[in-house]
Every structure is written in structure tokens, then in C-alpha cells.
Amino acid sequence: MQQILIQSIRPMTTAHLAQTMTLMSLTVEELQQEIDTVLASNPALELVDERRCPTCHRLLTEKGPCPICSAPQNSGLSMDPVVFISPREDFYTSSENQEDYDREDDYSVNEEDLPSYVLRQIGPDLNPKERIIAAYLLTNLDEDGFITVNSLEVAQYFHVPLSTVEGVRRVIQKADPLGVGSVNPKEALLVQIDILSETQDVPELIRKIIEDEMDLLTHRQYNELAHKFNVSIRRIQNCVKYISENLNPFPARSHWGDIRHPGENSTQVYHQPDIIINYLNDKPENPLVVEIVIPLKGTLRINPLFKTALKEADEDKKEEWQNDLEKASLFIKCLQQRNHTIERLVQKVVVLQRPFITKGEKYLKPVTRVQISRELEVHESTISRAVSNKTVQLPNRRIIPLSSFFDRSLNVRSVLREIIGKEDKPMSDAELVNSLSKEGYNVARRTVAKYRAMEGILPAHLRNFSP
DNA sequence: CTATGGCACGGATT
DNA sequence: AATCCGTGCCATAG
């Protein structure tokens with residue numbers, strides 16, 4: 001049961017299948033939560049801080065047996081980010097240089113010590129007991145400022161009512177990196193809106209969007225949103241702009257996704273990317289470095305102590321523990337498979353869409369998930385799940401959904417924008433159709449209208465010559 | 001009469 | 001099986 005070569009994953013139980021399916025479509029953040037809960041509920045699983053092989057002490061970054069001593073390390077899953085480099089066509093996974101790519105960004109604010117920084121602010125407002133709880137909560141923040149423990153457990157641990165813990169948490173949220181200690185971006189945003197609305201008017205629509213349709217927002221389904229709230233896309237885009245200018249879904253990060261794209265009407269997005277693509281050392285002449293972000297540091301593995309304990313366990317406990325063990329190993333397997341699939345997927349996509357990544361939307365090749373799935377020899381729905389909900393950070397620091405790589409019309413839309421930007425007389429939709437066909441894009445008049453709407457470009461008679 | 005947006009249909013995609 | 005997307009037809013605004 002222990003020899004997990006990636007290839008041997010094929011034959012799997014239905015439980016395995018089901019779990020892989022759910023894991024596959026999760027975001028890093030969601031995955032992190034999932035891992036946390038499993039970790040807390042299943043004693044067979046443990047997270048080792050060490051990234052080294054316990055027997056030979058070699059740095060261990062890849063799944064599979066330890067390369068040096070080939071110790072039976074294979075049940076452990078390294079949770080370090082997967083980094084690989086794309087020189088041109090071929091990839092290799094870099095396990096050696098991996099240290100070099102520790103993300104140096106994002107540590108801009110008073111990074112010395114976020115927990116004590118916050119604690120200092122709120123200390124006076126709390127009684128001693130609450131202060132202890134606060135301190136505990138604050139030590140369990142992740143890099144984004146989100147809480148990583150669940151309040152109920154904390155309450156039990158400290159023998160206080162849940163409401164006390166929640167109360168403390170609420171105080172924390174109002175401290176300086178506004179929204180720290182939230183459980184997710186949504187909560188952080190809501191807290192920020194609460195505070196903001198004390199000093200200025202916040203459009204009700206924004207709150208509603210965040211409250212009810214956070215999903216659509218993070219996935220930037222603006223047309224969908226416009227439809228749901230029965231307002232224009234323009235309106236929604238304004239809201240989004242407001243949100244990205246005034247709110248920060250990741251409290252502990254000072255900025256997320258720079259606004260260094262003045263030319264294009266920047267559709268600002270936030271969200272912790274699942275995949276980060278960058279030039280090596282940020283120099284455009286260098287090859288691309290692709291990093292698949294994986295939550296948690298260290299290695300997730302079956303606790304060896306648990307295994308030995310299992311052998312000597314009482315009969316009645318044995319069954320239950322055995323069960324835990326199987327679940328844990330299943331979980332790890334699924335996780336491995338998830339990572340494996342995503343890695344292969346991203347490799348393919350990066351090679352294919354390199355021009356898009358480096359030169360811009362115009363060069364996006366319209367590719368469907370089906371094509372990729374054929375090339376990778378996996379079921380199309382696997383690709384679907386792997387793609388959905390994930391975001392990618394491009395070298396220019398923009399964060400876009402992974403599904404953009406499969407957008408059938410993005411390139412046309414970008415050419416359309418280009419044309420409209422260049423021509424100084426407002427062209428009617430019909431004329432635009434002509435211009436587009438000259439560029440080699442054949443679309444119907446009606447479709448041009450839709451693209452315009454998607455891009456938030458006004459109709460011809462309302463457009464142009466604003467100053 | 002022309003330019004657009006709305007509704008709805010069919011085929012492709014997921 | 002459900003959803004998305006391009007398109008054609010028609011109503012309406014200018």
C-alpha cells in the first residue's frame with residue numbers, strides 16, 4: 001500500500017476518485033484549509049517542518065523515494081512549492097536551485113513581527129485572559145494574515161465559550177492590517193468595508209457583491225454579476241475598481257498585483273495566485289520560471305509513530321486506527337495526484353501559450369481543454385477541474401484566472417480594443433467587423449457588440465473625445 | 001434609416 | 001446533462 005509511484009495511481013478506488021475530484025478543483029487557500037482540517041481530525045497524518053529526509057538528511061523536495069538513500073519516504077508529500085523552469089520547449093524540475101526562488105516579495109511592511117505588532121495595538125482593550133487568547137490566535141496566522149486555527153478548537157483548548165474567542169477575533173480584525181485574523185478574503189473584505197463605511201460612503205452594491213457573490217467576484221464573472229444584480233457591467237467594473245483600490249483581501253500583504261499597466265483599462269484582481277510565472281531573476285531575456293504554489297511548508301506524511309502504535313493497539317481501537325491510516329494515505333495520494341496533474345497541465349500550457357504570457361493577450365491561442373486533455377491523456381473533466389478556480393500570476397504581476405488560457409475570444413477582444421484605441425473616429429460595430437476581418441478575425445456584427453460590452457467600451461456614438 | 005441592445009436558439013464546451 | 005458562446009432576428013432609440 002505504501003509504494004506510491006505516480007504511475008501506479010491509475011487504478012483507484014471510487015473513494016480515491018471522489019476525493020481527487022474535489023481536491024483537484026480547490027484553490028491554494030481552500031486546499032490549505034482542507035489540509036488543516038484533515039490534519040486536525042486525523043491522527044495518522046502529520047506535518048513535519050523539516051524538509052529533509054529523516055534518515056539521510058538530504059534536502060527533500062520531490063515526492064517519491066529519497067534520491068540518496070531511497071528510504072521508504074514515499075508516503076510523505078513534500079509541501080514545498082513546485083518550481084520548474086521553462087528554457088524553451090523542455091522543462092526540468094529544479095530541486096537544487098529551489099531555495100533561490102523563495103519569494104522575496106510581499107515582505108514590505110513592518111514584517112518584523114506581525115503578531116506582536118497587532119497585539120500591541122489591541123492589548124489595552126483586552127483583559128488578561130483575552131490577551132492570552134489573542135496572542136494564541138495571532139501566532140496562528142498565515143502569511144496572508146488569515147487565521148489558521150478554528151475558533152471552536154481554541155475555545156475548547158482554553159475552556160472558554162466560543163463567543164469569547166470570536167469576540168477577541170473581532171477585535172483583532174479591526175487592528176491595523178485591517179482584517180487580520182479573518183478566516184478568508186471575504187470576511188476580511190467585509191470587515192474593511194465596515195470600518196471604511198464609518199468614515200465614508202460605501203455603495204451598498206459593493207457590500208452585497210462581496211456578501212452574496214464573492215465567488216463570482218473572485219472569478220471575475222462581471223457579466224454574470226451584472227445580470228444577478230440587474231445593473232450594467234460598467235457599474236460592476238466600477239465596484240471592482242473601488243474594491244481593488246480601497247480594500248485588501250489579504251490583510252498581511254501590502255500590495256497584491258501591481259497597478260503597473262496604465263495603458264489597459266486594468267481589470268484589477270487580487271486573490272492569491274495558485275501559479276506564479278516569472279522570468280528568472282525578473283530579466284525578460286531569461287527563461288520562465290513557473291512556480292506552483294502549494295500551501296504549508298514542510299512535509300505531509302503518515303506519522304511513523306502512529307504506524308508503530310497501530311501494531312500494538314487494542315483490538316477495538318485497531319480497526320478505527322487502521323481506518324484513519326487508510327484515509328490519511330488516501331489523502332496524501334490524492335494530493336500527490338492533484339499536484340502531478342496540475343504540474344503537467346501547467347507545463348503544457350506554458351509552452352503552448354508562451355507568446356501570450358510574454359507578449360500579451362493578443363497572442364493567446366484559442367485552445368480548448370479537450371485538446372490539452374488529449375495530449376495529456378487524462379479525462380477532460382480532470383482538466384476542467386484542474387483549471388477551474390485557479391489563478392495565475394504573470395511576469396507582469398497581473399493575476400488572471402487560469403481559465404483565461406482557454407478563453408476562445410480573448411485574443412479577438414484584445415485586437416478589438418487595439419483597433420478602437422487606434423482609430424480616432426468612433427467606428428460603428430459594422431465597421432469594426434470589417435477592420436477585424438482585415439486582421440483575420442471573422443466575427444459577426446452582433447458579436448462585436450458583445451465583446452465591446454465585455455470590455456466595457458461604450459457604443460460608437462457615446463465614445464471618444466471626452467476631454 | 002442606422003446603430004444597438006434584448007431574447008432566444010443551436011452548437012460547442014465543460 | 002448543464003452551461004457557455006456566437007449569432008440571427010426583431011424592437012427600439014437616435
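Here is the naming used below: chain letters follow the sequence lines, and residue numbers restart at 1 for every chain.
- Each end of the helix from B/dC1-C/dG14 to B/dT14-C/dA1 yields a helix axis from five base pairs, and these two axes differ in direction by 10° (to the nearest 10 degrees).
- Distance CZ (A/Arg374) to P (B/dT14): 11 Å, rounded to an integer number of Å.
- Nucleic acid contact for A/Arg452: sugar-phosphate only, since backbone atoms but no base atoms lie under 4.0 Å from a heavy atom of the residue.
- A heavy-atom distance below 4.0 Å to DNA chain B is reached by these residues of residues 428-439 of chain A, ordered by number: A/Ser428, A/Asp429.
- Each of A/Ser384 and A/Leu458 was matched to the nucleotide of DNA chain B holding its nearest heavy atom; the match closer to the 5' end belongs to A/Leu458.
- Here the P atom of nucleotide C/dC5 and the CZ atom of A/Arg413 are 9 Å apart, to the nearest Å.
- The CD1 atom of A/Ile400 sits 10.5 Å away from the CD atom of A/Gln393 when rounded to the nearest 0.5 Å.
- Between the side chains of A/Ser409 and A/Asn411, not a single donor N or O lies within less than 3.5 Å of an accepting N or O.
- A side-chain N or O of A/Glu187 and one of A/Gln173 form a donor-acceptor pair less than 3.5 Å apart.
- Within 6.0 Å of CD on A/Glu166 lie more than 12 heavy atoms contributed by other residues, nucleotides or ligands.
- Rounding to the nearest 0.5 Å gives a distance of 5.0 Å between OG of A/Ser373 and CD of A/Glu380.
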### Nucleic acid footprint by protein, nucleotides 6-14 of chain C - heavy-atom cut-off 4.0 Å, B for base, S for sugar-phosphate alone
SBBB-----
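- Side-chain contact annotation: A/Thr358 with A/Arg354, donor-acceptor N/O pair under 3.5 Å absent.
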